[in-house]
**Student:** 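Have a look at this one before I ask anything.
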Amino acid sequence: MTVGGVLGALARYGIALASPAVEGFPWPTMAVNATGCLMLGALVVLLDNRGGSELARAFLAVGVLGGFTTFSAVAGETLQLLQDGRPWLAMTYWVGTVVVALAATVIGMLGARRVLR
């Protein structure tokens with residue numbers, strides 16, 4: 001899990017460095033979390049259907065994707081938006097992140113099921 005977490009965190013850091021600066025809204029964090037949730041939804045279905053081991057599940061789901069996604073950053077960025085006097089943007093970001101993450105997870109699961117048919 002630790003190695004997976006390091007790999008996931010490095011991937012996220014690379015994306016953050018490569019992302020253009022966007023003033024006012026933390027799009028890179030939302031994109032990383034949506035992508036991670038999409039992959040997690042697909043991975044869970046694939047591992048369940050293909051008999052993935054507990055070690056693979058721990059390494060990939062908990063380690064790599066747990067290190068890749070960053071919901072703690074969402075909390076910090078939401079707080080920063082509130083401190084900047086932008087409560088509506090903060091609430092939109094927080095709620096939007098939850099909605100997008102859940103939708104991405106379901107899409108990942110449905111997509112994986114479709115591929116496995």
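From a predicted model like this one, the values you see are computed outputs, not experimental measurements. In this chain, numbering begins with 1 at the start of the sequence shown.
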**Student:** Tell me whether Ile15 shares a hydrophobic cluster with Leu65, the cluster being built from Ile, Leu, Val, Met, Phe, Trp, Tyr side chains joined at under 4.5 Å.
**Tutor:**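 Cluster IDs for Ile15 and Leu65 match.
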**Student:** Please identify each residue that fulfils side chain to side chain contact (heavy atoms under 4.5 Å, CB included) with Gln83, with sequence neighbours left out.
**Tutor:**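 In terms of side chain to side chain contact (heavy atoms under 4.5 Å, CB included), with neighbours along the sequence ignored, Gln83 is linked to Leu79, Gln80.
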**Student:** Would you please name every residue forming a side chain to side chain contact (heavy atoms under 4.5 Å, CB included) with Ala16, sequence neighbours left out?
**Tutor:**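 Here no residue qualifies.
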**Student:** How long is the gap from CG on Leu60 to CE on Met1, to the nearest 0.5 Å?
**Tutor:**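 Taking CG in Leu60 and CE in Met1, the distance rounds to 12.0 Å.
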**Student:** Counting only heavy atoms not in Phe71 (residues, nucleotides, ligands), do more than 12 fall under 6.0 Å from its CZ?
**Tutor:**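 Check passes, neighbour count above 12.
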**Student:** I'd like to know if Tyr93 and Leu89 are part of one continuous hydrophobic network [Ile/Leu/Val/Met/Phe/Trp/Tyr, side-chain heavy atoms within less than 4.5 Å].
**Tutor:**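 Shared cluster, yes.
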**Student:** Please test Arg113 against Asp48 for salt bridge (Lys or Arg N to Asp or Glu O under 4.0 Å), starting from the C-alpha separation and ending with a verdict.
**Tutor:** CA-CA 11 Å; Arg113 286 183 184 142; Asp48 284 346; over 6 Å; no
**Student:** Who pairs with Val95 by side chain to side chain contact (heavy atoms under 4.5 Å, CB included), at least two apart in sequence or on another chain?
**Tutor:**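 Partners of Val95 under the side chain to side chain contact (heavy atoms under 4.5 Å, CB included) test: Met91, Val99.
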**Student:** Identify, with sequence neighbours excluded, every residue that meets side chain to side chain donor-acceptor pair (under 3.5 Å) alongside Asn49.
**Tutor:**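 Not a single residue meets the side chain to side chain donor-acceptor pair (under 3.5 Å) criterion with Asn49.
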**Student:** Got a sec, which residues hit salt bridge (charged side-chain N to carboxylate O under 4.0 Å, His left out) with Asp84, two or more places apart in sequence or on another chain?
**Tutor:**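 Salt bridge (charged side-chain N to carboxylate O under 4.0 Å, His left out) check on Asp84 returns nothing, list empty.
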**Student:** Can you hop from Phe59 to Val62 via hydrophobic side chains spaced under 4.5 Å?
**Tutor:**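 No, separate clusters.
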**Student:** Can you give me every donor-acceptor pair (side chain of residues 24-46, partner residue at least two apart or in another chain, under 3.5 Å) with its distance?
**Tutor:**
from	atom 1	to	atom 2	distance (Å)
Thr29	OG1	Glu77	OE1	3.2
Thr29	OG1	Glu77	OE2	2.8
Asn33	OD1	Thr70	N	2.7
Asn33	ND2	Thr29	O	3.4
Asn33	ND2	Thr70	O	3.3
Thr35	OG1	Ala31	O	2.8

**Student:** Consider only side-chain heavy atoms of I, L, V, M, F, W and Y, link residues closer than 4.5 Å, and tell whether Leu81 and Trp94 are in one cluster.
**Tutor:**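 Linked, Leu81 and Trp94 end up in one cluster.
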